[in-house]
Protein chains: 2
Amino acid sequence: MHDHAATHDHGCGGAQAAIARAERLCRERDLQFTRLRRDVLTAVAGQTRPMGAYDIAEALSEPGRRVAAVSVYRALDFLTEHGLVHRIASRNAFVSCGHSHTDGAGLVFLICRNCGTIDETTAPEVEDQLGRTLAKAGFRPISRILEVEGECGACLGQAGAEG
Amino acid sequence: MHDHAATHDHGCGGAQAAIARAERLCRERDLQFTRLRRDVLTAVAGQTRPMGAYDIAEALSEPGRRVAAVSVYRALDFLTEHGLVHRIASRNAFVSCGHSHTDGAGLVFLICRNCGTIDETTAPEVEDQLGRTLAKAGFRPISRILEVEGECGACLGQAGAEG
DNA sequence: TTGGCGGTGATACACTGTAACACTCGGGCA
DNA sequence: TGCCCGAGTGTTACAGTGTATCACCGCCAA
């Protein structure tokens with residue numbers, strides 16, 4: 001697959017790492033990492049593409065266990081609140097947090113229009129510039145979203161190799 | 001009301017300017033600036049706060065003329081496509097474009113958590129930094145959204161004066 | 001006149017998200 | 001042990017957002 005995993009890996013391996021991080025964080029903050037929350041995180045972390053709440057609900061439902069979307073939303077609220085999952089506003093969907101920052105500040109999401117993969121990175125310089133711009137405008141920021149849509153390196157490489 | 005109109009004014013006066021700009025643009029590009037599109041733009045431009053599609057539909061409906069949301073969506077598609085209106089992803093709502101750039105690139109939206117006003121600005125330095133960061137990540141951007149939530153200068157000023 | 005085309009009206013439907021209430025489970029306490 | 005309480009969950013209902021589809025209308029060109 002794509003092997004630019006130096007930054008961070010989502011994917012099946014990433015799911016276990018995400019779970020481990022979540023367990024640690026919940027232990028530290030005395031939060032309940034319940035089965036539902038773990039399952040939702042597992043489902044989301046097992047994908048590099050964002051999942052809708054109803055996708056997650058469906059993925060978690062089995063014969064004998066029906067997970068309603070509203071339950072998924074509550075779990076997602078919990079997970080996003082603690083920085084374990086991020087909401088992609090431009091897609092109304094969710095991705096697992098691939099880093100360990102957990103504060104949710106200064107993130108940039110790179111959404112590939114071709115393969116749908118979402119990559120997550122930080123950009124301190126961009127952050128600095130933005131902070132200056134906002135200060136000049138007299139605006140006090142509390143939170144922000146920065147989502148870039150385009151073509152990821154993997155897809156560009158493939159297109160170059162093939163074409 | 002608020003008198004920080006030095007940057008650009010939405011509001012009732014802004015609506016007329018927005019219409020004028022739209023008429024010019026449609027003439028130049030040989031597009032149809034129909035009544036529905038004009039009405040939708042007028043409704044959106046008359047507000048500094050974002051309007052949902054259903055809000056617009058309701059605002060445009062009168063006894064004897066019912067405007068369905070689906071019609072509003074089509075008009076909004078047209079208007080956003082040509083940069084006359086912007087979609088605020090974090091709110092699922094729309095605001096009139098307060099500038100004349102019309103290409104929709106490099107915009108930053110400042111959303112006041114207190115008064116709900118949305119201000120729109122450009123930040124070339126942020127853009128430059130972001131471009132460099134993306135290039136380093138091997139990502140080719142096509143479009144992006146940058147929305148900051150916080151407290152606007154007007155509200156900060158009032159709070160300071162009152163408190 | 002006819003036919004095509006863009007815009008609009010209208011209905012239906014899928015997707016996204018929230019409100020409200022009941023239930024369970026676990027822990028603290030009399 | 002029995003009771004209370006709070007957090008989490010299940011369930012239903014519903015509000016809000018957005019799209020698909022078809023019919024109709026007006027305009028222009030052949």
Side-chain angles (χ1 to χ4, degrees), chain A residues 22-23 25-27 29-44 49-82 84-95 116 145 147, chain B residues 22-23 25-27 29-44 49-82 84-95 116 145 147:
Chain A
E23 284 175 342
L25 182 142
C26 288
R27 216 164 26 238
R29 301 189 191 178
D30 202 30
L31 301 171
Q32 296 186 45
F33 193 51
T34 64
R35 177 185 171 194
L36 180 65
R37 291 170 180 178
R38 181 171 44 73
D39 288 354
V40 169
L41 180 56
T42 304
V44 172
R49 303 197 296 177
M51 291 184 83
Y54 282 66
D55 297 336
I56 299 171
E58 193 178 349
L60 260 46
S61 293
E62 308 162 332
R65 185 199 184 199
R66 176 173 166 269
V67 178
V70 62
S71 300
V72 173
Y73 274 110
R74 283 190 288 233
L76 287 171
D77 283 346
F78 172 87
L79 294 170
T80 52
E81 190 177 342
H82 295 97
L84 297 165
V85 155
H86 299 300
R87 176 186 167 74
I88 305 299
S90 61
R91 300 289 179 102
N92 292 326
F94 301 83
V95 292
I145 61 177
E147 300 172 9
Chain B
E23 284 176 342
L25 183 142
C26 289
R27 215 163 28 236
R29 301 190 191 177
D30 202 29
L31 302 169
Q32 296 187 43
F33 192 52
T34 64
R35 177 186 172 192
L36 180 66
R37 292 170 180 177
R38 181 171 45 74
D39 288 352
V40 169
L41 179 56
T42 303
V44 172
R49 304 197 296 179
M51 292 184 83
Y54 282 67
D55 297 336
I56 300 171
E58 194 178 350
L60 261 44
S61 292
E62 308 162 333
R65 186 199 185 198
R66 178 174 164 267
V67 178
V70 61
S71 299
V72 173
Y73 275 110
R74 284 189 287 233
L76 287 171
D77 284 345
F78 173 87
L79 294 170
T80 53
E81 190 178 341
H82 295 96
L84 297 164
V85 155
H86 300 300
R87 176 187 167 75
I88 306 299
S90 61
R91 300 289 178 102
N92 292 327
F94 301 81
V95 292
I145 62 177
E147 300 172 10

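In this text, all values refer to a predicted model and were calculated from it rather than measured experimentally. All chains are named by letter (A, B, ...) in the order of the sequence lines, taking the proteins before the strands, and each is independently numbered beginning at 1.
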Check the distance between [N]'s [atom2] and [X]'s [atom1] and give it to me in whole angstrom.
{"X": "A:Ile56", "N": "C:dT16", "atom1": "CD1", "atom2": "P", "result": "10 Å"}
{"X": "A:Glu58", "N": "C:dA14", "atom1": "CD", "atom2": "P", "result": "14 Å"}
{"X": "A:Asp77", "N": "C:dA19", "atom1": "CG", "atom2": "C1'", "result": "13 Å"}
{"X": "A:Tyr73", "N": "D:dT17", "atom1": "OH", "atom2": "C1'", "result": "11 Å"}
{"X": "A:Asp30", "N": "C:dG27", "atom1": "CG", "atom2": "P", "result": "12 Å"}
{"X": "A:Met51", "N": "C:dG17", "atom1": "CE", "atom2": "P", "result": "14 Å"}
{"X": "A:Glu81", "N": "D:dG8", "atom1": "CD", "atom2": "P", "result": "10 Å"}
{"X": "A:His82", "N": "D:dG8", "atom1": "NE2", "atom2": "P", "result": "9 Å"}

*Residue-phosphate contact under 4.0 Å: A:Asn92 side-chain N/O, C:dG17 OP1/OP2*: yes
*asked:* Measuring to OP1 and OP2 of C:dC15, would you say a side-chain N or O of A:Tyr54 lies under 4.0 angstrom away?
replied: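 Checking C:dC15 against A:Tyr54, no side-chain N or O comes under 4.0 Å of OP1 or OP2.
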*Should we count CZ of B:Arg87 as having more than 12 external heavy atoms under 6.0 Å?*
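Enclosed: over 12 neighbouring heavy atoms sit under 6.0 Å from CZ of B:Arg87.
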Across the strands shown, which category fits [X] at heavy-atom distances under 4.0 angstrom: base, sugar-phosphate, nothing?
{"X": "B:Arg87", "value": "sugar-phosphate"}
{"X": "A:Arg37", "value": "sugar-phosphate"}
{"X": "A:Val70", "value": "base"}

*asked:* Testing the basics here: between B:Ala89 and B:Glu147, what is the closest heavy-atom pair and its distance to 0.1 Å?
replied: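 Shortest heavy-atom separation between B:Ala89 and B:Glu147 comes out as N-OE2, 2.8 Å.
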_Candidate nucleotides D:dT11, C:dT8, C:dG17, ranked by approach to the side chain of B:Ser71 - the nearest_ =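 The closest nucleotide is C:dT8.
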_Which nucleotide wins on minimum distance to the side chain of B:Gln32, given the candidates D:dT11, C:dG7, C:dT16?_
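Given the options D:dT11, C:dG7, C:dT16, the side chain of B:Gln32 is closest to C:dG7.
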_Any non-hydrogen side-chain atom of A:Tyr73 less than 4.5 Å from a side-chain atom of A:Tyr54?_
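With C-beta onward as the side chain, the pair touches.
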*Is the base of D:dG10 touched by the side chain of A:Arg74 through a donor-acceptor pair closer than 3.5 angstrom?*
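Flag set: donor-acceptor pair detected.
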*Derivation of the salt bridge (Lys or Arg N to Asp or Glu O under 4.0 Å) call for A:Arg65 and A:Asp39*: CA-CA 12 Å; A:Arg65 185 199 184 199; A:Asp39 288 354; 2.9 Å; yes
_Residue closer to the 5' end of DNA chain C, A:Arg91 versus B:Thr34 (nearest nucleotide)_ = B:Thr34
*Stepwise, does the side chain to side chain contact (heavy atoms under 4.5 Å, CB included) test hold for A:Val85 with A:Leu41?*
CA-CA 8 Å; A:Val85 155; A:Leu41 180 56; 3.8 Å; yes
